[in-house]
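Residue indices begin at 1 and follow the sequence shown. Both ligands and their constituent atoms are indexed starting at 1 by order of listing.
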Amino acid sequence: MNKKSVEQLTNLKGKKVLVRCDFNVPLKDGVIQNENRIIGALPTIKALVKKGAKVILCSHLGKPKGEPVPELSLAPVAVSLSKHIGQTVKFADDPTVTGKVTQDMAKDLKDGEVMLLQNTRYRAEETKYGKDEKATEYAKELAALCDDEIFVNDAFGTAHRAHCSNVGVTKFCKENAVGYLMEKEIQFLGNAVENPVRPFVAILGGAKVSDKIGVINNLLEKVDTLIIGGGMAYTFLKAQGKEIGNSLLEADKVDYALDMIKKAEDKGVKLLLPIDNVIGKEFKNDTEFKIVTSIEPGWSGFDIGPKTIELFKDALKGAKTVVWNGPMGVFEFENFAKGTLEVGKAVAELKDATTIVGGGDSVNAVKRLGLADKMSHISTGGGASLEYLEGKELPGVMAADTI
Ligand code: AMP
């Protein structure tokens with residue numbers, strides 16, 4: 001299903017456009033530690049400026065719990081944006097977000113000018129859309145800033161939440177489009193799950209089975225091969241009756257793991273689990289470690305072993321769509337990073353394949369290992385990308401107009 005995009009918004013000259021961005025940047029003592037999210041928002045903002053719109057940006061930052069918290073002001077973001085766009089981004093320093101200060105600034109905006117609202121979560125209503133009448137009022141106030149006309153959502157990171165500034169506001173605006181970042185996420189994640197070029201291989205790792213239950217279940221309906229590594233693999237190995245020593249185990253998920261092994265068989269999906277492991281005595285880099293097939297008591301599996309690396313690499317050969325979520329081991333420790341690095345390299349080297357890294361720690365791993373540039377798409381939304389892979393409809397995506 002195609003969503004209306006910035007490209008399809010016409011006759012914007014002189015019109016106010018409200019844009020929901022993801023400016024949830026890491027801050028320390030008022031200094032932005034990483035501007036990636038700001039840089040990611042620039043294509044949409046610049047396109048709207050070029051079309052002569054009056055651009056009103058909004059975002060949440062951290063968790064101020066519904067009241068003004070000076071440390072979570074978006075003021076530093078306005079400064080950074082001004083530098084990147086090459087023109088002043090006015091900052092509406094209004095603790096009520098949508099009050100008179102903001103309204104006056106929006107009214108005075110000239111064509112091609114840009115302003116930024118204060119942290120949308122300074123208002124408790126922001127996260128209560130659909131649960132509280134006051135939240136509907138807040139959504140209306142936000143929409144009124146752009147004269148109830150045009151809203152653009154470019155915040156994929158919050159797309160799995162129905163809040164006032166990404167979903168509520170769409171009920172009061174005439175046109176609701178997605179920005180370039182959102183469009184890219186929908187195109188890559190959506191296509192991979194709904195319409196993959198085959199063979200389709202998914203790689204899941206990370207610490208917990210319970211975080212990814214929905215993802216495993218949904219992907220087994222879609223993929224040709226499912227590779228499971230990382231800490232979560234040990235619950236599956238336990239389900240198969242293997243010795244796992246002190247490795248991570250979610251005892252209450254062993255039955256679920258068995259069900260998934262059975263489901264893979266029924267569906268004809270190749271399910272691959274580690275056949276050897278790098279085990280360590282203690283959870284630290286400088287611990288005694290060795291490579292084994294069966295894990296002895298008192299030891300824990302912290303990475304996949306060399307035979308498993310070869311098995312996983314082989315399974316990736318010829319893949320045309322790959323989705324990867326979660327590291328193959330404790331990649332933060334050099335001695336247990338090899339599995340993640342080798343599997344990452346194998347994905348990065350695939351020819352003519354769409355390779356997608358979705359969410360959280362796998363994104364960190366790929367960046368840390370210097371493989372980010374070699375992937376087709378790195379998802380910006382941790383929770384949102386996981387919910388996409390679970391096959392859930394994201395409220396933030398649903399709310400945009402369909403074309
Ligand atoms: P997640 O957020 O679920 O993707 O989990 C990522 C975390 O899982 C990383 O911090 C890894 O260090 C950790 N992890 C991966 N494999 C293992 C393992 N075998 N034992 C313990 N932790 C692991």
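Within ligand 1, the atoms closer than 4.0 Å to a non-hydrogen atom of G231 are 15 (C), 16 (N), 17 (C), 18 (C), 19 (N), numbered from 1 in the order shown. Close contacts of ligand 1 with G301, meaning ligand atoms under 4.0 Å from a residue heavy atom, involve 18 (C), 19 (N), 20 (N). Interface atoms of ligand 1 facing G206, defined by a heavy-atom separation under 4.0 Å, are 1 (P), 3 (O), 4 (O), 5 (O), 6 (C), 8 (O).
Side-chain atoms of N176 and K3 include no donor-acceptor pair closer than 3.5 Å. Counted by atom type alone, T98 and Q103 present zero donor-acceptor pairs between their side chains at under 3.5 Å.
Contacts of K212 with ligand 1, taken as heavy-atom pairs under 4.0 Å, involve the side chain alone. At a 4.0 Å heavy-atom cut-off, ligand 1 touches V330 through backbone and side chain alike.
For ligand 1, the polar-atom distance check against A207 finds a nitrogen or oxygen pair separated by under 3.5 Å. On a distance-only criterion, D303 and ligand 1 share no N/O pair closer than 3.5 Å. Polar contact check, G230 against ligand 1: no nitrogen or oxygen pair lies under 3.5 Å apart.
Legend: salt bridge (Lys or Arg N to Asp or Glu O under 4.0 Å) pairs involving residues 59-69, not counting sequence neighbours: none detected.
Heavy-atom separations between Y234 and ligand 1 include at least one value shorter than 4.0 Å.
With sequence neighbours left out, F289 forms a side chain to side chain contact (heavy atoms under 4.5 Å, CB included) with V278, N335, F336.
Between K128 and E125 there is no salt bridge, since no side-chain N of the basic residue sits under 4.0 Å from a carboxylate O of the acidic one. Under a 4.0 Å N-O distance rule, the pair K4/D401 qualifies as a salt bridge. A salt bridge does not link K208 with E250: none of the charged nitrogens is closer than 4.0 Å to a carboxylate oxygen.
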